[in-house]
A.B. asks: 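Quick one: structure below, then a few questions.
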Amino acid sequence: MKGFDELRYIRPTLVIFVFAVTVVLMLLPYHIFQNEAIDYTQKIYSGIFETSVENLASALSVGYFQWSAMYNAVSSGDEEFVEEMLQEIQQDFLGVRSARLIERPPDVLLENQYELSNIDQELYLYFNIYDSLMENEVSDRVVIASIDKDALLSEMHLDERVSLTSGGSKSFAYGLRAEVEGYDLTKWLIFHSLTAGILGVLFMMEVLALGLSRYYEMHGLQEIMYLWELEDSYTAFHSKNVSKIAGLLGKKLGLSRKKIQQIVNGAKLHDIGKIGISQKILRKRGPLDEIEREVIQGHPAHGKEVLEHFKYLQQFIPYVYMHHEREDGSGYPQGLKGDQIPLEAKILAVADVFEALTANRSYRDAYSFAKAVEMMTEMPLDQGLVSALIEILPELETELSGRKAENCLEQRSLS
């Protein structure tokens, strides 16, 4: 990650600030996390407790109170047998604190095998007594069993997490009140927050590194181009003007804002390959000889090599490498034709030629805008783009740096 390398360029106070803010933001929801965890734990534990009580009640009803021996003993008044069975229940089932035979309360219905009741935060099970075939039922008496809540919690290993008290802050199973202890998230949350703080700092550094790299690679080279162009009376402002023309053309063609900005930035770098070419050649007033022409025509390839060294500028290679290609294949360096040339490079070619024709050169004066576009209609350029250029001439009159359309001369020609 480039962010590690960039740390040495950033003030320590900024790093500390971002780290602290990230940690604090992660710690702020601690109370919410803790409460959510406790509520979730309470629901889970309540469900487990209810299942345990239901299993206990079902086992007792099936095992003791849907049994002809118990039915006959209650019906005949065999209290010794009944008491023996109730003692057995208390011994074998840890969740039962006590069990006794009582007169049926008015609110205990006959149709249920058992009913559960919460009386003053204590749980009681009422059992109807049947014969084995459940064809007969004792109508006037039921067995009441007191549930040992703490024993059930201990049996399920929940006694360290749940405390059933009348003043409990949480609603528990069967209307009971409880205090529920959630899992301690403090250590986890502190670790999570510190980790997030470190990652936040690294992410910030990475974003800054990428942003600064892109900015300085782009604008740094553009400034180098501008300073270099100032050494030549023709090339001063050339790339900036080409970028303005190309941008207006892109807008006229209905391209997206992102693509237009890309074209503008590519246009500012399109002649980067001329850096290193002798000013003697660039300023020569007469025609170039064969070697000089070969040097000049090598600037697209040289510009391509320059941009290949910059990760974030490689997208502009087509602008630099192909802006001298022509529709009929007469351009350089590859001699591409028609659709082989990307639209961006075609736009740049039209903008470059127009800017060159309307600028003063060492061997001629500038052409007027009208004369320039007239000449361009006879050149191997994309004529659709030339037509679009003609439509934006009024805008170009105010946009181009350092020249006015009415001040340009028409009487000279390239020939």
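Residue indices begin at 1 and follow the sequence shown. Computed from heavy atoms alone, side chains included, the values below leave out hydrogens, waters and symmetry copies.
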A.B. asks: Please check this pair: side chain of Asn55 against backbone of Thr51, looking for a donor-acceptor N/O pair closer than 3.5 Å.
C.D. replies: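 Yes, because the side chain of Asn55 sits within donor-acceptor range (under 3.5 Å) of the backbone of Thr51.
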A.B. asks: Between Gln121 and Tyr174, do the side chains contain a donor N or O and an acceptor N or O under 3.5 Å apart?
C.D. replies: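 Side chains of Tyr174 and Gln121: no pair found under 3.5 Å.
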A.B. asks: Of all the heavy-atom pairs spanning Pro105 and Val142, show the shortest one and how long it is.
C.D. replies: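 Distance-wise, the nearest heavy atoms are CD-CG2, 3.8 Å.
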A.B. asks: Passes side-chain contact (heavy atoms from CB on, under 4.5 Å), Met156 versus Val162? Steps please.
C.D. replies: CA-CA 11 Å; Met156 295 180 291; Val162 180; over 6 Å; no
A.B. asks: Charged N to carboxylate O under 4.0 angstrom, Lys252 versus Glu395?
C.D. replies: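 Between Glu395 and Lys252 there is no salt bridge, as every charged N stays at least 4.0 Å from the carboxylate O atoms.
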A.B. asks: Under the criterion ring-ring contact (aromatic ring centres under 6.0 Å, His included), I'd like the reasoning laid out for Phe65 against Tyr71: C-alpha separation, chi angles, the key distance, then a yes or no.
C.D. replies: CA-CA 7 Å; Phe65 307 121; Tyr71 174 79; over 10 Å; no
A.B. asks: So, Ser146 side chain and Tyr124 main chain: donor-acceptor pair closer than 3.5 Å or not?
C.D. replies: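 Here the side-chain-to-backbone pair does not exist.
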A.B. asks: Might you work through the ring-ring contact (aromatic ring centres under 6.0 Å, His included) test for His299 and His270, ending with a clear yes or no?
C.D. replies: CA-CA 10 Å; His299 82 270; His270 78 283; 7.9 Å; no
A.B. asks: Between CG of Leu164 and CG of Leu158, what distance do you get to the nearest 0.5 Å?
C.D. replies: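 Between Leu164 CG and Leu158 CG, I get 9.5 Å after rounding to 0.5 Å.
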A.B. asks: Students often mix this up, so state it plainly: with edges at 30° and 60°, are the rings of Tyr319 and Phe316 parallel, tilted or perpendicular?
C.D. replies: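 Correct class here is tilted.
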A.B. asks: Is there a side-chain contact between Glu344 and Lys259, using heavy atoms and a 4.5 Å cut-off?
C.D. replies: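 A side-chain contact under 4.5 Å exists here.
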A.B. asks: Is any side-chain heavy atom of Leu249 closer than 4.5 Å to one of Ile392?
C.D. replies: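 Yes - at least one pair of side-chain heavy atoms lies under 4.5 Å apart.
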A.B. asks: Using a distance-only test with no angle check, is there a side-chain donor-acceptor pair under 3.5 angstrom linking Gln261 and Lys258?
C.D. replies: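 Their side chains do not contain a donor-acceptor pair, so the 3.5 Å distance test is not met.
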A.B. asks: Heavy-atom count check: over 12 atoms from other residues, nucleotides or ligands less than 6.0 Å from Ile119 CD1?
C.D. replies: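 Yes, CD1 of Ile119 has more than 12 neighbouring heavy atoms, counting only those of other groups under 6.0 Å.
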A.B. asks: For a quick test of reading the model, state the closest non-hydrogen atom pair linking Ala345 to Pro318 and the distance between them.
C.D. replies: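 So the two residues come closest at CB-O, 4.0 Å.
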A.B. asks: So do the side chains of Leu343 and Ile347 get within less than 4.5 Å of each other, counting heavy atoms only?
C.D. replies: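 Result yes, sub-4.5 Å side-chain heavy-atom pair found.
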A.B. asks: With the threshold set at 4.0 Å, does a side-chain nitrogen-carboxylate oxygen contact exist between Lys149 and Glu122?
C.D. replies: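 Salt bridge: yes.
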A.B. asks: For a quick check under 3.5 Å, do Asn112 and Glu115 share a side-chain donor-acceptor pair by atom type?
C.D. replies: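 Indeed, the side chains of Asn112 and Glu115 share at least one donor-acceptor pair under 3.5 Å.
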A.B. asks: Looking at every non-hydrogen atom in both residues, tell me the closest pair between Gln334 and Glu325 and how far apart they are.
C.D. replies: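 Shortest heavy-atom separation between Gln334 and Glu325 comes out as N-OE2, 2.8 Å.
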A.B. asks: Side chains of Glu179 and Ser169: is there a donor and an acceptor less than 3.5 Å apart?
C.D. replies: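 Judged by distance alone, the side chains do pair up.
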A.B. asks: Is the shortest side-chain heavy-atom distance between Met376 and Ile390 below 4.5 Å?
C.D. replies: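 The answer is no, as the side chains (C-beta and beyond) never meet within the 4.5 Å cut-off.
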A.B. asks: Side chains of Glu355 and His238: is there a donor and an acceptor less than 3.5 Å apart?
C.D. replies: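 Checked: Glu355/His238 side chains pair up, N/O donor to acceptor below 3.5 Å.
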A.B. asks: Any carboxylate oxygen within less than 4.0 angstrom of a Lys/Arg side-chain nitrogen, looking at Glu327 and Lys346?
C.D. replies: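 Yes, charged N to carboxylate O under 4.0 Å.
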A.B. asks: Within a reach of under 6.0 Å around CD of Glu103, are more than 12 heavy atoms found that belong to other residues, nucleotides or ligands?
C.D. replies: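 Above 12, so yes.
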A.B. asks: Could you give me the CA-CA distance, side-chain angles and deciding distance for Leu116 and Val53, then say whether side-chain contact (heavy atoms from CB on, under 4.5 Å) is met?
C.D. replies: CA-CA 9 Å; Leu116 188 142; Val53 171; 3.3 Å; yes
A.B. asks: Just verifying a value: how many Å separate Asp148 CG and Leu153 CG, rounded to the nearest 0.5 Å?
C.D. replies: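 Reported to 0.5 Å precision, the distance equals 9.0 Å.
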A.B. asks: Looking at every heavy atom in both Leu94 and Ala151, which two are closest together, and how far apart are they?
C.D. replies: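 It is O-CB, 3.3 Å.
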A.B. asks: Has the side chain of Asp271 got a donor or acceptor atom that lies under 3.5 Å from a matching backbone atom of Lys274?
C.D. replies: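 Between the backbone of Lys274 and the side chain of Asp271 there is no qualifying donor-acceptor contact (under 3.5 Å).
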A.B. asks: Find the distance between CG (Leu269) and OG (Ser239) and round it off to the nearest 0.5 Å.
C.D. replies: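 Rounded to the nearest 0.5 Å, the CG-OG separation comes out at 8.0 Å.
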A.B. asks: Measure across Pro287 and Glu292 and return the closest heavy-atom pair with its distance rounded to 0.1 Å.
C.D. replies: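 That would be O-OE1, 4.4 Å.
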A.B. asks: Might you work through the side chain to side chain donor-acceptor pair (under 3.5 Å) test for Ser46 and Gln42, ending with a clear yes or no?
C.D. replies: CA-CA 6 Å; Ser46 291; Gln42 177 263 328; 3.2 Å; yes
A.B. asks: Please report the interatomic distance NZ(Lys244) to NZ(Lys240), rounded to the nearest 0.5 Å.
C.D. replies: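 Spacing of NZ (Lys244) from NZ (Lys240) equals 8.0 Å.
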A.B. asks: CD of Gln340: more than 12 outside heavy atoms within 6.0 angstrom?
C.D. replies: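 It does: Gln340 CD has more than 12 such atoms within range.
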A.B. asks: Which word best sums up how the rings of Tyr114 and Phe127 line up, parallel for under 30°, tilted for 30 to 60°, or perpendicular for over 60°?
C.D. replies: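 If you compare the ring of Tyr114 with that of Phe127, the planes turn out tilted.
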A.B. asks: Under the 3.5 angstrom rule, does the side chain of Ser52 hit a backbone N or O of Ile48 as a donor-acceptor pair?
C.D. replies: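 Such a contact is absent between Ser52 side chain and Ile48 backbone.
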A.B. asks: Could you tell me if the side chain of Leu396 sits less than 4.5 Å from the side chain of Phe354, heavy atoms only?
C.D. replies: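 Phe354 reaches Leu396 side chain to side chain.
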A.B. asks: Please round to the nearest 0.5 Å and tell me the distance separating atom CG of Leu255 and atom CD of Gln262.
C.D. replies: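 The distance works out to 10.5 Å.
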A.B. asks: Assess whether a salt bridge exists between Arg104 and Glu137, defined as any Lys/Arg side-chain N lying under 4.0 Å from an Asp/Glu carboxylate O.
C.D. replies: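 A salt bridge links Arg104 with Glu137.
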A.B. asks: Stepwise, does the side-chain contact (heavy atoms from CB on, under 4.5 Å) test hold for Arg326 with Val353?
C.D. replies: CA-CA 11 Å; Arg326 295 295 180 259; Val353 170; 3.5 Å; yes
A.B. asks: Kindly write out the residues that satisfy side chain to side chain contact (heavy atoms under 4.5 Å, CB included) with Ser154, not counting sequence neighbours, or none if the list is empty.
C.D. replies: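 For Ser154, the residues satisfying side chain to side chain contact (heavy atoms under 4.5 Å, CB included) (neighbours in sequence not counted) are Asp159.
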A.B. asks: Could you tell me whether the side chain of Arg177 reaches within less than 4.5 Å of the side chain of Phe172, counting heavy atoms only?
C.D. replies: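 No, too far: nothing below the 4.5 Å cut-off.
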A.B. asks: Do the non-hydrogen side-chain atoms of Val143 and Leu125 ever get within less than 4.5 Å of each other?
C.D. replies: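 With C-beta onward as the side chain, the pair stays apart.
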A.B. asks: Just by distance, with hydrogens left out, do Gln113 and Tyr130 show a side-chain donor and acceptor under 3.5 Å apart?
C.D. replies: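 Side chains of Gln113 and Tyr130: no pair found under 3.5 Å.
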A.B. asks: As a quick check of understanding, evaluate side chain to side chain donor-acceptor pair (under 3.5 Å) for Gln66 and Ser61, giving each step before the final call.
C.D. replies: CA-CA 6 Å; Gln66 298 175 31; Ser61 179; 2.9 Å; yes
A.B. asks: I need the minimum non-hydrogen distance between Asp131 and Met134, along with the two atoms involved.
C.D. replies: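 Scanning both residues completely, I find the closest heavy atoms to be OD1-N, 2.7 Å.
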A.B. asks: Distance check, rounded to the nearest 0.5 Å: Gln91 atom CD versus Leu86 atom CG?
C.D. replies: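 Rounded to the nearest 0.5 Å, the CD-CG separation comes out at 11.5 Å.
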A.B. asks: So, Glu54 and Ser58: side-chain donor and acceptor under 3.5 Å apart, yes or no?
C.D. replies: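 Not at all, the side chains of Glu54 and Ser58 share no donor-acceptor pair under 3.5 Å.
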A.B. asks: Any side-chain heavy atom of Phe49 sitting closer than 4.5 Å to one from Leu176?
C.D. replies: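 The answer is yes; the side chains approach within 4.5 Å.
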A.B. asks: Ignoring hydrogens and angles, state whether a donor on the side chain of Glu308 or Gln314 is under 3.5 Å from an acceptor on the partner side chain.
C.D. replies: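 No, because no side-chain N or O of Glu308 sits under 3.5 Å from a partner of the opposite role on Gln314.
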A.B. asks: Hey, is CZ on Arg141 packed in by over 12 heavy atoms from elsewhere, all under 6.0 Å?
C.D. replies: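 Buried by this count: over 12 neighbours within 6.0 Å.
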A.B. asks: Determine yes or no for a side-chain-to-main-chain donor-acceptor pair under 3.5 angstrom, with Ser68 supplying the side chain and Ser132 the backbone.
C.D. replies: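 Yes: the side chain of Ser68 pairs with the backbone of Ser132.
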